[in-house]
Amino acid sequence: MKVLLFSFLLSCCSALVFAQQPVDYVNPFIGTSNYGTTNPGAICPQGMMSVTPFNVMGSKSNKFDKDSQWWSTPYSADNNFFTGYAHVNLSGVGCPEMGSLLLMPTSGELNVDYHEYGSEYKNEVAHPGYYSNILTKYNIKTEATASMRTGLTRFTFPKGQGNILLNLGEGLTNETGATVRMVSDTEIEGSKLLGTFCYNPQAVFPIYFVMKLSKAPKQAGYWKKQREMKGVEAEWDAYSGKYKLYTKYDREMSGDDIGVWFKYDTEENEVIEVKMGVSFVSIENARLNMNTEQPDFNFDKVRAAAGRMWNDDLSCVMVEGGTNDDKTIFYTAMYHLLIHPNIIQDVNGEYPMMESLKVGHTDGNRYTVFSLWDTYRNVSTLMTLLYPEKQLDIIRTMIDMYKESGWLPKWELFGRETLTMEGDPSIPYIVDAYMRGLRDYDIETAYEGMRKGATTPGEFNLLRPDNNDYMSKGYVPLREQYDNSVSHALEYYIADWNLSLLADALGKKEDAKLFRERAMGYKHYYCKEFGTLRPILPDGTFYSPFDPKQGENFEPSPGFHEGNAWNYTFYVPHDIKGLAKLMGGQKKFVDKLQMVFDKGYYDMANEPDIAYPYLFSYFKGEAWRTQKLVRELLGKYYHNAPNGLPGNDDTGTMSTWAIFSMMGFYPACPGDLDYVLTSPTFNKVTIRLDEKFYPKGSLVIESGHQTPDDIYIKEVTADGKKLKGYTISQQELVNAGTLRFTLDSKHK
């Protein structure tokens, strides 16, 4: 009996010791195919540094190549040709950028042409904060990890000649030019120009780096690809149009296509580590970052610290029930949420000020990579709920950007405004957080910046270039064939509606009235003939000939950006009841919205229609459609596989849709404090709330799934009290203690 009891206790202890943590469920390969544009590289939560396998150049066997097509990610699961580790990368974006400082190990004869030194690989492994593979051409094991501002790679070589290459000429960026200098036999320093994101020619910036090797090489030098000469001159220079190795020159090197090589004699399984610190301020700060965060070479220590950071942040939500794939999809979505925006300040608090040569200083976190056209729709709300302290620093950063540059950010990247996409997205991002009670920042200055964007004439307006028409007419007319006029206006309407909420909250009643009335201008675009929004010409007539389906699959579409009228017609989240009235009432609205799904007009990867499934719940007797569609969309588009995102993750926006939907509630309208309810994926979700902001301290969501078909809500109680409809307010949610769903396989 004692033996049995001991065995039982031992098994229980083992189960506790080896129980899976949230970090164990993350699959960084999700989203690395199907244009999800995520990558499996090593990074810490919201870290400046990421160390990512670069496999999108140099081989005809690659399915996707950065130099032969539009390509915006350093890694694709569909490729298998490795040309190094890129340092500092973007996740889930739609334009090529960053992905430079390419570090590559090789063995055998030194070769600096990436077409030839690249290698296929096997045995890929990726976890939060760690990536590894084996290069089949060289039998070299490569591993990468990261701290917040530094990268660390570990290469295990075979016996013979080993080489380490730093390619400063290639990357995803559209900019060229770098400078590098030998500091000692184990250390180099330099800078590289990056930028031109989405082909904004002036949005450029330098990255500074310091790299140190754990072992001095037998020999080291530079390389540079020489310009191609013509005529007799070409006969005199054997390196015309070729790579030239510099073996007797060790001062600094500059150029468009340059690199540094290190040559070793290695023993079997000899390990050489390489660490790199970066900064967007100076080489001195890059070295300070490196020496502070990685004073020595200790790969396992850095890797373990990164894993702990991830587990701490992911553990704010604990899920029970569901399948292992469900948990993997959920926690990987959380992982993707926490990559951007990422910090830009160095360990001494210095950062490049917005659109300025000046250096700023912060005692908190200064953030960068603001894909706000995407993230204001749901990421802002989730950050406010789960990570309010991080959200405060994000909003303070946005306000400081206004103080430094004169404008709130639109799509900011490492201190430069790229002006990508449209609208005035800082307004709904900040207002949503403010209305939900997150207020420890300078709201009056924020309001000043918002009002400037909303009222400045178009010719002087960085955020709303067509503001003259918008302010005088109440809409933006189509003045060029493909000027995205309707898309612009719809973004202004949701921004102005949010601005009216903030103005009202701050006691600015006249402003509140002005912006509230402007937000209703969407009605100008409604066309009864087609039952959709339709572009308007400067004379006030509708654009003709009009096809509401034009714009599918990124086809150019008059008035609409990356979509068509069906993707945009229901994007009036602040006045759904008013839109329904225009359409002839609830039944016609519901029938038309259902038709969008039935006929395949819905685009899961397109932000303007991302909340469409939740709109049914605004109407009595129709919430079952939301519950059915959300479950179907999760099953169709989200998988535990490289193609497991519906498309471009947009710095966590698509992942956030899944997080909310799997927990059972969704913010269908930025600035509206009500969440729309849907049936949770899991039997139990426990959210750890920050008591400084949410005194209840936790929220438990329970739902009894008797069968997989139990997707329809029969009843929901919050703190034991039955909810009347299918929405729940912010205050009800964070104070509920327990939110309990009763589910059934049949809808009411």
Side-chain angles (χ1 to χ4, degrees), residues 35-39 41 43 46 48-50 52 54 56-57 64 66-67 69-75 86-102 168-178 191-208 256 278-280 339-344 351-356 366-376 379 397-398 401 404-405 407-426 429 462-463 465 484 554 561-562 607 647-653:
Y35 301 96
T37 68
T38 63
N39 68 71
I43 189 173
Q46 297 184 307
M48 179 193 299
M49 173 59 79
S50 62
T52 297
F54 198 90
V56 294
M57 70 176 188
F64 299 105
K66 74 178 184 70
D67 294 323
Q69 64 194 105
W70 180 274
W71 195 249
S72 62
T73 177
Y75 176 93
H87 292 74
V88 184
N89 303 272
L90 299 177
S91 174
V93 300
C95 286
E97 190 50 77
M98 312 303 287
S100 64
L101 309 178
L102 298 174
L168 296 169
E170 290 298 328
L172 278 183
T173 182
N174 293 296
E175 281 298 329
T176 60
S191 66
K192 179 173 172 58
L193 193 64
L194 303 172
T196 316
F197 180 75
C198 280
Y199 301 99
N200 180 330
Q202 301 306 318
V204 298
F205 49 89
I207 186 172
Y208 302 96
D256 290 341
V278 295
S279 167
F280 291 89
I339 292 177
H340 297 304
N342 51 270
I343 63 165
I344 193 174
Y351 65 88
M353 294 178 71
M354 183 74 172
E355 298 288 338
S356 171
R366 167 80 175 207
Y367 286 95
T368 185
V369 187
F370 283 94
S371 181
L372 294 169
W373 182 84
D374 307 293
T375 59
Y376 84 79
V379 170
T397 294
M398 296 167 71
M401 287 176 176
E404 294 162 10
S405 71
W407 298 95
L408 286 165
K410 188 172 191 173
W411 213 123
E412 177 274 348
L413 186 69
F414 294 97
R416 303 306 305 271
E417 179 54 68
T418 71
L419 298 175
T420 304
M421 301 308 289
E422 55 261 307
D424 204 343
S426 285
Y429 191 102
L462 199 68
L463 302 176
N484 305 326
F554 291 94
H561 191 179
E562 295 181 2
E607 271 72 11
N648 193 312
D649 195 38
D650 292 322
T651 66
T653 304

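All values derive from a computational prediction rather than experimental measurement.
- Inter-residue side-chain proximity for V278 and L101 is flagged as met; some heavy-atom pair is nearer than 4.5 Å.
- Side chain of H340 to backbone of S91: a donor-acceptor contact under 3.5 angstrom is found.
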I207 and H87: side chain to side chain contact (heavy atoms under 4.5 Å, CB included), yes or no, with the steps?
CA-CA 10 Å; I207 186 172; H87 292 74; over 6 Å; no

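- Although no hydrogens or angles enter the test, the distance criterion places a donor-acceptor pair under 3.5 Å between the side chain of T37 and the main chain of V93.
- In this structure, CD in E404 is found 4.0 Å from OH in Y351, a value given to the nearest 0.5 Å.
- The minimum heavy-atom distance between V369 and F414, with the atom names listed, is CG2-CE1, 3.9 Å.
- Nearest heavy atom pair, residue L462 against residue E417, reads CD2-CG, 4.4 Å.
- When all heavy atoms are compared, the tightest approach of P341 to Y367 is O-CD2, 3.5 Å.
- For the atom pair OG of S72 and CZ of F64, the computed distance is 11.0 Å after rounding to the nearest 0.5 Å.
- Between atom CH2 of residue W71 and atom OH of residue Y35 there is a gap of 6.0 Å, rounded to the nearest 0.5 Å.
- The minimum heavy-atom distance linking W373 with E422 is given by the pair CD1-O, 3.2 Å.
- With sequence neighbours excluded, the residues forming a side-chain contact (heavy atoms from CB on, under 4.5 Å) with E175 are T173, L193, T196, V204, listed by chain and number.
- The salt bridge (charged side-chain N to carboxylate O under 4.0 Å, His left out) test applied to D424 returns R464, not counting sequence neighbours.
- Using a 4.5 Å cut-off on side-chain heavy atoms (C-beta onward), Y429 and T375 make contact.
- D649 places no side-chain N or O within donor-acceptor distance of the main-chain N or O of G92, the cut-off being under 3.5 Å.
- Between atom CG of residue N648 and atom CG of residue D374 there is a gap of 7.5 Å, rounded to the nearest 0.5 Å.
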Next item on the list: Apply side chain to side chain donor-acceptor pair (under 3.5 Å) to the pair S50 and N89, showing each step before the final yes or no.
Entry: CA-CA 6 Å; S50 62; N89 303 272; 3.0 Å; yes

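- Using a 4.5 Å cut-off on side-chain heavy atoms (C-beta onward), V88 and M49 make contact.
- Side chains of N39 and T52: a donor on one and an acceptor on the other come within 3.5 Å.
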- Under the side chain to side chain contact (heavy atoms under 4.5 Å, CB included) rule, what do F370 and T651 come out as? Steps first, then yes or no, please. CA-CA 9 Å; F370 283 94; T651 66; over 6 Å; no

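- Contact detail for C95 and W70: the closest heavy-atom pair is SG-CZ2, 3.5 Å.
- Taking the side-chain contact (heavy atoms from CB on, under 4.5 Å) definition, one finds that S100 meets it with K192, L194, sequence neighbours left out.
- In the model, E412 has a side-chain atom that pairs as donor or acceptor with a side-chain atom of T368 under 3.5 Å.
- For the atom pair L419 CG and F197 CZ, the distance stands at 11.5 Å (nearest 0.5 Å).
- Atom OG1 in T397 sits 11.0 Å away from atom CE in M354 (nearest 0.5 Å).
- Residues satisfying the side-chain hydrogen bond (donor to acceptor under 3.5 Å, both in side chains) test with R416, not counting sequence neighbours, are E355.
- W411 is listed as a side-chain neighbour of S371, based on a closest heavy-atom distance under 4.5 Å.
- Every residue two or more places apart in sequence or in another chain that forms a salt bridge (charged side-chain N to carboxylate O under 4.0 Å, His left out) with E170 is listed here: K66.
- Here the closest heavy-atom approach between residue S426 and residue P409 is recorded as OG-O, 2.6 Å.
- When side chains are defined from C-beta on, L90 counts as touching L413, because their heavy atoms get closer than 4.5 Å.
- With sequence neighbours excluded, no residue forms a side-chain hydrogen bond (donor to acceptor under 3.5 Å, both in side chains) with T73.
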